[in-house]
Amino acid sequence: MKKTMFFVLALLLACGGAGAQTVVSDTIRGESTVQSQPTDDHYRIVTNRFWDNWFAFGEVGGHAFVGDYGSVGDFGGLLSPDFKVGVGKWFTPGIGAKIQFGMGNSKGYSKEKTMFVVGDQLVADDGTPYWETKMKWLDFSVNAMFNLSRLICGYEGKESDRLKNQFIASVGIGALHHYGIAAQRNEWSGHFELQYSRFFSKKKDLSLDVKAHAIVYQTNFDAITLKANGEDSKWFDSNIGLSVGLTYYFKKRHWDRCLPCGESVYITNTVLPEPNCPEYKTMVFYVFFPNNYSGRDDAPIVRGSKVDAIDYLASGVFTQKRFADTDAVASALGSGRSLASLRTENVPTVKANRPGTDGVSCGYEMSSTPISLSMDAASMNAFKDKTGYYYAPVYSGGKTWYYRVDSETSTQSLMSADNYKESESYGLNAHAGLGLVKQNMTLDEGDDLYSFADIYAAVEGEGGYISNFTDNATVAELKNIFENGRIQFVSAEGLATSQDNYVGEDAENVGVERNKTLAYNRARTVIQWLKNSGVFKNIGHNSFSLNALTDPIGIVNDESTRGLNAKLNRCVKVRINYVIEKQ
């Protein structure tokens with residue numbers, strides 16, 4: 001028995017070097033060459049140190065005892081609870097080992113009065129006499145583990161959204177000890193498991209596990225002799241059951257696909273250059289939108305539209321509308337008549353890398369001045385003298401909007417008359433607002449945060465109006481990434497606020513659905529812009545993802561749509577995964 005256990009332990013420890021994943025050696029051969037570095041091959045990894053990739057688990061469940069006389073009594077009399085705890089280690093993403101301790105009891109039936117009998121003798125329906133049995137046991141086992149998901153699909157990488165659902169098979173051998181009886185009984189046990197693990201986050205530090213398991217024992221739980229009463233005994237007894245539990249994975253949890261770029265390597269007094277290890281990085285930026293605006297009626301969503309939603313956010317003026325009849329406006333302003341009946345039309349947007357309108361706030365959440373303009377005669381005439389036209393609000397459904405809105409939402413009623421006008425700006429879309437965004441938004445470890453203004457300048461071109469709200473060094477850094485890096489994946493997810501003032505039938509659900517639509521359309525506007533831009537033209541369409549969140553609603557208790565909390569929750573979060581050579 002001791003020899004067998006020693007052999008199994010040695011075999012399991014050896015599994016760290018033999019898996020479907022190819023383990024990259026750090027041995028350098030030859031006099032003048034450095035081993036090439038693997039990068040994005042899903043089946044190649046660098047093994048970690050001994051104390052990395054450990055985990056601990058616990059589970060509870062139940063089982064049915066399968067012995068020689070399982071059909072004598074009721075099936076319910078074969079069911080018992082059990083639990084297990086243990087620790088383990090993954091040597092590669094696909095091969096690991098664990099040591100586990102289990103405790104429980106196995107209830108069954110016997111035609112012989114063994115040391116496990118409980119209670120008086122009973123008689124089955126067919127007249128067969130039998131006893132109920134109960135075997136209390138402790139079990140210690142060593143198991144080899146095979147992550148079937150990773151062996152088949154390859155290793156997904158550090159903090160990846162892939163393979164949050166994994167299937168793991170285990171096989172092992174153990175030693176079982178009976179307790180609660182006068183005599184000491186020990187015997188071997190064999191273990192087989194199929195495990196489903198659901199990870200709660202892409203860090204993959206905690207999983208919910210559901211396991212189908214079988215434990216087999218020597219065939220003397222319910223019979224003393226191998227042939228009792230002239231009947232052939234089974235080769236083994238077993239417990240077959242299900243359990244549920246949790247597993248926590250300690251740091252370091254992941255594997256690298258590239259050898260660390262350390263100090264220069266010296267071979268026969270020759271200095272070899274450092275390996276050119278690429279860096280896998282993630283950039284994040286947010287695009288903030290006015291209330292009730294998603295760009296769904298504007299380019300780049302609508303081909304041929306005069307107003308481009310992204311250019312409007314970067315350098316648009318007011319509602320990007322003007323009065324069609326200049327003379328009629330001048331006459332109405334002179335007499336004090338209302339302008340609401342006069343026809344308006346869109347003003348085409350221009351790229352933000354061109355000069356802006358002097359003295360006028362352009363773009364949404366760019367400068368510290370809000371985008372809404374005053375409708376008094378002096379302000380409108382001063383603007384007309386500079387540009388040749390009178391700017392106009394959005395008139396719709398008896399309401400006057402002082403920022404651009406979607407036609408789908410322009411008839412909605414807001415909670416306060418002040419909400420139809422922007423009265424404050426925090427510069428959330430500008431480089432200067434990055435500190436405020438970082439303070440209020442959640443970022444994953446290792447993500448690099450950029451502003452919409454910096455991204456726009458790197459994608460569309462520098463200079464002009466947008467240069468007032470960017471950082472030159474940051475734009476240069478982004479241009480280097482876009483020109484010399486390799487974009488792997490782009491994802492966008494939209495967000496809308498919980499604010500809604502609908503009071504009709506099924507008001508709560510109507511409000512939620514309206515805001516879900518806003519969130520989705522905002523994300524679609526941004527992802528279409530990136531897809532169609534020259535910077536991303538060589539990236540396949542399958543590399544873009546528009547994430548439709550289950551609940552893309554940010555809870556805002558403030559009735560104002562102009563406050564910081566409301567503005568932070570009207571946005572699109574964009575993640576760009578890329579690879580770039582180390583500088």
Side-chain angles (χ1 to χ4, degrees), residues 12 15-16 19 45 48-64 79-106 136-153 155-176 189-215 239-255 442 444-446 550-551:
L12 290 174
C15 287
I45 56 94
N48 292 327
R49 298 179 183 273
F50 178 77
W51 294 113
D52 295 329
N53 305 107
W54 284 83
F55 59 88
F57 64 91
E59 62 190 76
V60 295
H63 64 268
L79 302 178
S80 304
D82 54 42
F83 83 93
K84 299 184 188 74
V85 294
V87 296
K89 172 180 170 61
W90 288 105
F91 299 101
T92 73
I95 304 293
K98 66 179 178 180
I99 299 172
Q100 69 182 17
F101 169 78
M103 182 177 183
N105 62 73
S106 297
K136 300 178 181 178
W137 48 262
L138 308 174
D139 183 80
F140 177 83
S141 64
V142 180
N143 300 264
M145 302 178 66
F146 306 92
N147 190 312
L148 304 179
S149 299
R150 286 172 168 170
L151 288 172
I152 295 171
C153 301
Y155 176 51
E156 70 275 17
K158 179 183 178 182
E159 295 190 12
S160 169
D161 285 322
R162 294 181 61 245
L163 294 187
K164 283 187 176 180
N165 300 290
Q166 298 183 8
F167 290 91
I168 300 168
S170 303
V171 60
I173 191 168
L176 181 138
S189 59
H191 292 254
F192 305 90
E193 287 182 357
L194 180 60
Q195 170 180 332
Y196 164 74
S197 292
R198 168 63 184 179
F199 289 90
F200 294 99
S201 72
K202 61 185 179 182
K203 291 183 178 180
K204 296 186 174 67
D205 54 350
L206 185 67
S207 69
L208 174 67
D209 310 318
V210 179
K211 301 179 183 179
H213 56 79
I215 307 176
N239 293 330
I240 299 177
L242 294 172
S243 62
V244 63
L246 294 173
T247 300
Y248 180 77
Y249 294 81
F250 300 98
K251 290 184 177 179
K252 180 179 178 180
R253 305 182 183 98
H254 69 279
W255 288 265
T442 302
D444 292 333
E445 183 180 354
T550 303
D551 188 18

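Note that the structure is a prediction, hence the values are computed from the model and not measured.
Scored by the side-chain contact (heavy atoms from CB on, under 4.5 Å) test, Lys158 finds His254 as partners (sequence neighbours excluded). In this structure, Lys89 has no salt bridge (Lys or Arg N to Asp or Glu O under 4.0 Å) partners at least two apart in sequence or on a different chain. Here Tyr196 pairs with Phe167 under the ring-ring contact (aromatic ring centres under 6.0 Å, His included) rule; sequence neighbours left out. Residues that satisfy the ring-ring contact (aromatic ring centres under 6.0 Å, His included) test with Tyr248, not counting sequence neighbours, are Phe250. Here Glu193 pairs with Lys98 under the salt bridge (Lys or Arg N to Asp or Glu O under 4.0 Å) rule; sequence neighbours left out. Remark: Lys136 pairs with no residue by the salt bridge (Lys or Arg N to Asp or Glu O under 4.0 Å) rule, at least two apart or across chains. Annotation: side chain to side chain donor-acceptor pair (under 3.5 Å) contacts of His213 (sequence neighbours excluded): none. Partners of Trp255 under the ring-ring contact (aromatic ring centres under 6.0 Å, His included) rule, at least two apart in sequence or in another chain, are Tyr155. Residues satisfying the ring-ring contact (aromatic ring centres under 6.0 Å, His included) criterion with Phe101, sequence neighbours excluded, are absent altogether. In this structure Asp139 satisfies the side chain to side chain donor-acceptor pair (under 3.5 Å) test together with Ser189, His191, sequence neighbours excluded. For Ser207, the side-chain contact (heavy atoms from CB on, under 4.5 Å) test picks out Ser197, Phe199, Asp209, Thr247, Tyr249, with sequence neighbours left out. Asp205 pairs by the salt bridge (Lys or Arg N to Asp or Glu O under 4.0 Å) definition with nothing, not counting sequence neighbours.
Note that CE of Met145 is 4.0 Å distant from CZ of Phe55, once rounded to the nearest 0.5 Å. The CG atom of Leu176 sits 7.5 Å away from atom CG of Leu138, with the distance rounded to the nearest 0.5 Å. Atom CZ of Arg198 is separated from atom CG of Asn165 by 4.5 Å, given to the nearest 0.5 angstrom. Between the CD1 atom of Ile215 and the CD1 atom of Ile240 there is a distance of 10.5 Å, given to the nearest 0.5 Å. For the atom pair NZ of Lys252 and CG of Asp52, the computed distance is 6.0 Å after rounding to the nearest 0.5 Å.
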Go through Lys204 and Gln166 one step at a time and tell me if the side chain to side chain contact (heavy atoms under 4.5 Å, CB included) criterion holds.
-> CA-CA 11 Å; Lys204 296 186 174 67; Gln166 298 183 8; 3.9 Å; yes
Worked verdict on Leu148 versus Leu194 for side chain to side chain contact (heavy atoms under 4.5 Å, CB included) = CA-CA 10 Å; Leu148 304 179; Leu194 180 60; 4.3 Å; yes
Let me see the working for Asn48 and Phe91 under side chain to side chain contact (heavy atoms under 4.5 Å, CB included), right down to the final yes or no.
-> CA-CA 8 Å; Asn48 292 327; Phe91 299 101; over 6 Å; no
Can you list the steps and then say if Asp444 with Lys202 is a salt bridge (Lys or Arg N to Asp or Glu O under 4.0 Å)?
-> CA-CA 10 Å; Asp444 292 333; Lys202 61 185 179 182; 2.7 Å; yes
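Between Leu208 and Leu246, the closest side-chain pair of non-hydrogen atoms falls below 4.5 Å. The shortest distance between side-chain heavy atoms of Phe146 and Ile95 falls below 4.5 Å. In this structure, the side chains of Arg150 and Leu163 come closer than 4.5 Å at one or more pairs of heavy atoms. A heavy-atom distance below 4.5 Å is found between the side chains of Ser141 and Gln100. The shortest distance between side-chain heavy atoms of Val85 and Phe57 does not fall below 4.5 Å.
Within the 3.5 Å criterion, the main-chain N or O of Ser170 finds no donor-acceptor partner in the side chain of Asn143. Judged by distance alone, with hydrogens and angles left aside, the side-chain atoms of Asn105 form no donor-acceptor pair with the main-chain N or O of Ser80 at under 3.5 Å.
Counting heavy-atom neighbours within 6.0 Å of Lys164 NZ, excluding the residue itself, gives a total above 12.
Between Trp137 and Ser106, the shortest heavy-atom contact is NE1-OG, 3.0 Å.
Under the 3.5 Å distance criterion, with hydrogens and angles disregarded, a donor-acceptor pair is assigned to the side chains of Ser243 and Glu59.
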